[in-house]
Amino acid sequence: MKDTAKHQGLRNQLVSVLEKKGITDKNVLEAIKKIPRHLFLNSSFEDYAYQDKAFPIAAGQTISQPYTVAFQTQLLEIKKGHKVLEIGTGSGYQTAVLCLVGAQVYSIERQNELFKQTSVLLPKLGIRPKHLSFGDGYKGLPNHAPFDSIIVTAGAPIIPQALMAQLKIGGRLVIPLGEDVQIMTLLIRINETQFEKHEFGEFRFVPLLEDKN
């Protein structure tokens, strides 16, 4: 599990690319500068780990493009100590970014293979989410609700009601909505019954699946 000066140089370059693409949140950029993304990928992709691209990981899933990770995290406007629910732990890279920006992260993964890998990898890197669980992201984590923010890292045809219910008033939910191409959508909870909706253009994600595997 080596992280070299060369890797650090590549991360610095990646951060410059993200700044050019409009990422302004200093905490997010700082997290991306620190996290060894190459360790979250199959070693055959190591040389490409700091390109702004998505790559396949186990269980037919992908590790999101760094720009997408940064963009979603920036939309959450995380303050230190915020409780954040992540739907789709995946490789654990987004989880790591959330932890480094100061969130208390509760994350759910439906693919057992990925859940096991991430549960081992994150502590090795000194990254400690509050709670990693194997389960159905559509249901959220009602026992730990409410959350300051919720991030969904897979394309969803609809916004799961359970997730809306688990958001604090004033909380932010970021979800890619749509079937083939997704529109990045931000919901801000105004009160018990009302949400304000904002849309941020097209992104591509693997689909959000129900039930665990």
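Values reported hereafter were calculated over all heavy atoms of this structure, with side chains retained and with hydrogens, waters and symmetry mates removed. Quick caveat, the model's predicted, so the values are computed rather than measured.
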Asks: Measure the shortest side-chain to side-chain distance between Leu186 and Ile188 over non-hydrogen atoms and say whether it is less than 4.5 angstrom.
Replies: yes

Asks: One pair to check against side chain to side chain contact (heavy atoms under 4.5 Å, CB included): Ile169 and Ile190. What are the steps and the verdict?
Replies: CA-CA 6 Å; Ile169 290 173; Ile190 305 300; over 6 Å; no

Asks: Quick one, Phe147 and Val84 - any side-chain contact, counting heavy atoms below 4.5 Å?
Replies: no

Asks: Taking the side chain as C-beta and beyond, is there a heavy-atom pair between Glu196 and His198 under 4.5 Å?
Replies: yes

Asks: Could you check whether Lys130 makes a cation-pi contact with Tyr106, meaning its NZ or CZ is under 6.0 Å from the centre of the six-membered ring and within 45° of the ring axis?
Replies: no

Asks: Would you say the side chain of Val174 lies within less than 4.5 Å of the side chain of Val152, judging by non-hydrogen atoms?
Replies: no

Asks: Is NZ or CZ of Arg37 both nearer than 6.0 Å to the six-membered ring centre of Tyr93 and within 45° of the ring axis?
Replies: yes

Asks: Hey, are Glu30 and Asn27 close enough side-chain-wise for a donor-acceptor pair under 3.5 Å?
Replies: no

Asks: Walk me through whether Asp136 and Ile108 qualify under side chain to side chain contact (heavy atoms under 4.5 Å, CB included).
Replies: CA-CA 7 Å; Asp136 181 353; Ile108 308 178; over 6 Å; no

Asks: For residues Ser64 and Gln94, is any side-chain donor paired with an opposing acceptor at under 3.5 Å?
Replies: no

Asks: Hey, are the side chains of Pro129 and Leu122 touching, using non-hydrogen atoms and a 4.5 Å cut-off?
Replies: yes

Asks: Report yes or no: does Asp148 contribute a side-chain atom to a donor-acceptor pair with the main-chain N or O of Lys83 at less than 3.5 Å?
Replies: yes

Asks: Which atoms form the tightest heavy-atom contact between Thr89 and Glu109, and what is the distance?
Replies: N-OE1, 3.2 Å

Asks: Would you call Gln8 and Lys33 a side-chain contact if the rule is heavy atoms closer than 4.5 Å?
Replies: yes

Asks: Report yes if the side chains of Glu46 and Leu41 come closer than 4.5 Å at any heavy-atom pair, otherwise no.
Replies: no

Asks: Checking Thr185 now: which residues fulfil side-chain contact (heavy atoms from CB on, under 4.5 Å) with it, not counting sequence neighbours?
Replies: Ile175, Leu177, Ile183, Lys197, Glu199

Asks: Tell me whether Lys53 at atom NZ has more than 12 heavy atoms from other residues, nucleotides or ligands lying less than 6.0 Å away.
Replies: no

Asks: Between the side chains of Arg11 and Asp3, is the shortest nitrogen-to-carboxylate-oxygen separation below 4.0 Å, so that they form an ion pair?
Replies: yes

Asks: Measuring from atom CG of Leu163 to atom CD1 of Ile151, what distance do you get when rounded to the nearest 0.5 angstrom?
Replies: 12.5 Å

Asks: Is any side-chain heavy atom of Tyr67 less than 4.5 Å from a side-chain heavy atom of Ile23?
Replies: yes

Asks: Among side-chain atoms of His131 and Gln104, is any donor-acceptor pair under 3.5 angstrom?
Replies: no

Asks: Evaluate the ring planes of His7 and His38, with Trp represented by its six-membered ring, and classify them as parallel (under 30°), tilted (30 to 60°) or perpendicular (over 60°).
Replies: parallel

Asks: Just checking Phe200: does its CZ atom have more than 12 heavy atoms from other residues, nucleotides or ligands closer to it than 6.0 angstrom?
Replies: yes

